[in-house]
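Just so we're on the same page: letters track the sequence lines, and every chain starts at 1.
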There are 2 protein chains.
Amino acid sequence: MMISFAIVEDQPELRRNLVEWLNRAPGLNCVGAYPTGEEALKQLPTLYPDVVLMDINLPGMGGIQCVSRLKQLLPETDVIMLTTYDNAEMIFDSIRAGATGYLLKNQPREELLQALQQVHAGGSPMSLKIARKVFNHFQTPAKHGSEIEQLTNRELEILRLLTKGYLYKEIAETLKVALATIQTHVAAIYKKLHVHSRTEAAMKFAGKE
Amino acid sequence: MMISFAIVEDQPELRRNLVEWLNRAPGLNCVGAYPTGEEALKQLPTLYPDVVLMDINLPGMGGIQCVSRLKQLLPETDVIMLTTYDNAEMIFDSIRAGATGYLLKNQPREELLQALQQVHAGGSPMSLKIARKVFNHFQTPAKHGSEIEQLTNRELEILRLLTKGYLYKEIAETLKVALATIQTHVAAIYKKLHVHSRTEAAMKFAGKE
DNA sequence: TGAGGTCTCACATGTTTATTTGATGTCACC
DNA sequence: GGTGACATCAAATAAACATGTGAGACCTCA
């Protein structure tokens, strides 16, 4: 079974080397190589590659945005991100944008080859550290729960209304207490949650309870 | 560098086979093998294993709960879950409970060996399908949202910062534009989302994107 | 070339929020 | 009968926010 792939990478040397090296592998067929996201978006939709290797640091539109658009045009195509850094934000932005795999550039080429095959076999290849970060991302939200538990019932009640965007005034009316009381409670909530604004508090509360 | 590990698995045959097979590998040293989570929790805290292989389907407390407690007692120990099924709920419950890796049982033993080494090297080994599911988990909430899609990229960028609780001033500095520009964008965002405060916007945005 | 969308900035006004200090009354618990 | 946690209220200030109007620069697309 032949896997067709394309590469988006702005460094000419690296791009050519990768194409050449990967093409040598049996079962792989390169159908395109582009220096920018814009160029790739123009050409790829008619080529229907199985997999695209996408550099994140592209001049112009950037790799993440490119993935986002590419997936709209070619939902069936899998995209593997390539990057030098293991920045957490970039990882999750990429995944959200539709990336299927995420690899660091400083890895042996054999792994890149494996990754291509893995993607095509229904997997999501990622580098060691990336995998760990992804796992950790699920674990952190459990920690915030503890702070919420510090709140009294009254404070929880108020936080619920804060989260819905009620004005202090409206909360006061709803609970039939003075505005000043709400202010005091809010201050207490912020202190316990270690935040300094309604939105931060709401975000900590979101999903919980 | 010697990696010490333990196994929690209720099927006696499988348990013995795994211990025997893994012990044969250079660099691996089995310090314990238990049929139940209860037994493991009693013995393991004094043994400080580097890695624990944990069956999910355990009689009694179950593997996921066992991980949860084990990680409280031994935060430094990595746990790899072993299971026959790739049920999504179990995967995420396990990860939240503190698992560092997640493997399907029907895999070649070489992969199990690799997984042990990967965990110790800072990775999070998972089977092909598991990895894909984990990735998909991030993407699904991104699907055809709502009013959020009306936002321009710039507005999204600002909304992201708003959601994190940044002050207008800080957003302006971050994006290197004037405070007035942020105000204008925020007004545009509120209009498109039909809200009148930062928190309401943040709540509509939460999870989405 | 002109219309429409986006991003940028300025000026202005009133409202809301965040934070502090301090005080009162209630209830439970030792 | 005192201690502590909780809910309530007051007063005051600085900061931040929500909202409006207007306007120049740029790009794209018809």
Side-chain angles (χ1 to χ4, degrees), chain A residues 36-39 41-42 45 59-62 65-66 68-69 72-73 146-206 209, chain B residues 147-206 209:
Chain A
T36 67
E38 287 84 352
E39 191 64 23
L41 286 175
K42 269 189 208 160
M61 75 190 311
Q65 199 184 347
C66 184
S68 184
R69 296 224 192 140
Q72 289 177 350
L73 302 171
S146 52
E147 289 171 319
I148 299 274
E149 287 163 14
Q150 306 280 315
L151 300 180
T152 67
N153 286 331
R154 194 55 157 175
E155 286 163 352
L156 266 180
E157 200 174 358
I158 290 171
L159 179 52
R160 235 174 267 128
L161 298 174
L162 279 175
T163 298
K164 287 182 186 166
Y166 282 45
L167 300 181
Y168 286 7
K169 204 197 315 181
E170 293 173 329
I171 298 177
E173 281 165 15
T174 303
L175 302 183
K176 300 206 196 331
V177 296
L179 179 66
T181 306
I182 303 303
Q183 288 175 313
T184 305
H185 282 306
V186 171
I189 292 169
Y190 289 178
K191 190 162 193 178
K192 289 184 183 176
L193 298 188
H194 304 108
V195 299
H196 302 85
S197 77
R198 176 198 284 246
T199 302
E200 289 174 289
M203 282 316 193
K204 286 215 170 185
F205 183 64
E209 198 200 16
Chain B
E147 298 149 309
I148 301 274
E149 287 172 0
Q150 306 283 319
L151 301 180
T152 67
N153 286 332
R154 193 57 156 174
E155 286 162 354
L156 267 180
E157 199 175 358
I158 289 171
L159 180 50
R160 236 174 266 129
L161 298 174
L162 279 176
T163 299
K164 287 182 187 166
Y166 282 46
L167 302 181
Y168 286 7
K169 203 197 318 180
E170 294 172 330
I171 297 176
E173 281 167 13
T174 303
L175 301 183
K176 299 204 187 0
V177 297
L179 179 66
T181 305
I182 303 303
Q183 289 175 314
T184 305
H185 281 306
V186 170
I189 292 169
Y190 289 179
K191 191 163 193 179
K192 289 183 183 177
L193 299 187
H194 305 107
V195 299
H196 305 278
S197 75
R198 175 199 285 246
T199 303
E200 289 175 288
M203 283 308 166
K204 283 215 173 187
F205 182 66
E209 200 202 14

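- Looking at residues two or more places apart in sequence or on another chain, you find a side chain to side chain donor-acceptor pair (under 3.5 Å) between A:Thr152 and A:Glu155.
- The distance from atom CD of A:Glu200 to atom P of D:dA16 is 13 Å, rounded to the nearest whole Å.
- Atom CD in A:Glu155 sits roughly 9 Å away from atom C1' in D:dC6 (whole-Å rounding).
- Checking side-chain atoms of B:Arg198 against main-chain N and O of B:Leu162 turns up a donor-acceptor pair under 3.5 Å.
- Per the geometry, CD belonging to A:Gln183 stands 11 Å off C1' belonging to C:dT20, to the nearest Å.
- When the C1' atom of D:dC6 is taken as reference, atom CD1 of A:Ile158 falls 12 Å away, rounded to whole Å.
- Near DNA chain D, defined here as any heavy-atom distance below 4.0 Å, the residues from residues 169-180 of chain B are B:Lys169, listed numerically.
- A heavy-atom distance below 4.0 Å to DNA chain D is reached by these residues of residues 188-197 of chain B, ordered by number: B:Tyr190, B:His196, B:Ser197.
- You'll find the side chain of B:Leu175 reaches within 4.5 Å of the side chain of B:Leu161, heavy atoms only.
- Atom-to-atom distance recorded for A:Ile189:CD1 and A:Gln150:CD is 13.0 Å, nearest 0.5 angstrom.
- Atom CD1 of B:Ile171 and atom CD1 of B:Ile158 lie 7.0 Å apart (nearest 0.5 Å).
- Nearest heavy-atom pair across A:Gly37 and A:Cys66 is CA-SG, 3.6 Å.
- The salt bridge (Lys or Arg N to Asp or Glu O under 4.0 Å) test applied to B:Glu200 returns no partner, not counting sequence neighbours.
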Check nucleotides 28-30 of chain C against the protein and report each pair of N or O atoms closer than 3.5 Å, with its distance, or say if there are none.
none

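- Here B:Arg198 reaches the OP1 or OP2 of D:dC17: one of its side-chain N or O atoms lies under 4.0 Å away.
- What separates CG of A:Leu167 from C1' of C:dA18 is a distance of 15 Å, to the nearest Å.
- With rounding to whole Å, B:Tyr166 atom OH is found 16 Å from D:dA16 atom P.
- For the pair A:Tyr168 OH and C:dT19 C1', the interatomic distance rounds to 10 Å; values are reported in whole Å.
- End-to-end axis angle for the helix from C:dT1-D:dA30 to C:dC30-D:dG1, using five pairs per end and rounding to 10°, comes out at 50°.
- In this model, a side-chain donor or acceptor of B:Thr184 finds a partner on the base of C:dC9 within 3.5 Å.
- Considering all non-hydrogen atoms of both residues, A:Tyr190 and A:Ala201 come closest at CE2-CB, 3.9 Å.
- B:Thr163 is linked by a side chain to side chain contact (heavy atoms under 4.5 Å, CB included) to A:Met203, B:Leu159, B:Ala202, B:Phe205, counting only residues two or more places apart in sequence or in another chain.
- Of the possible donor and acceptor atoms, none in the side chain of B:Lys192 sits under 3.5 Å from a partner among the backbone N and O of B:Ile148.
- Following rounding to the nearest Å, A:Glu157 (CD) and D:dT8 (C1') show an atom-to-atom distance of 14 Å.
- Evaluation of the side chain to side chain donor-acceptor pair (under 3.5 Å) rule for B:Arg154 yields B:Glu157 as partners, not counting sequence neighbours.
- Here the closest non-hydrogen pair linking A:Leu193 and A:Lys204 is O-NZ, 3.2 Å.
- Looking at heavy-atom distances under 4.0 Å, B:Thr152 makes contact with sugar-phosphate atoms alone, never a base.
- Sorted by first and then second residue, the side-chain hydrogen bond (donor to acceptor under 3.5 Å, both in side chains) pairs with a member in residues 166-187 of chain A form an empty list; sequence neighbours excluded.
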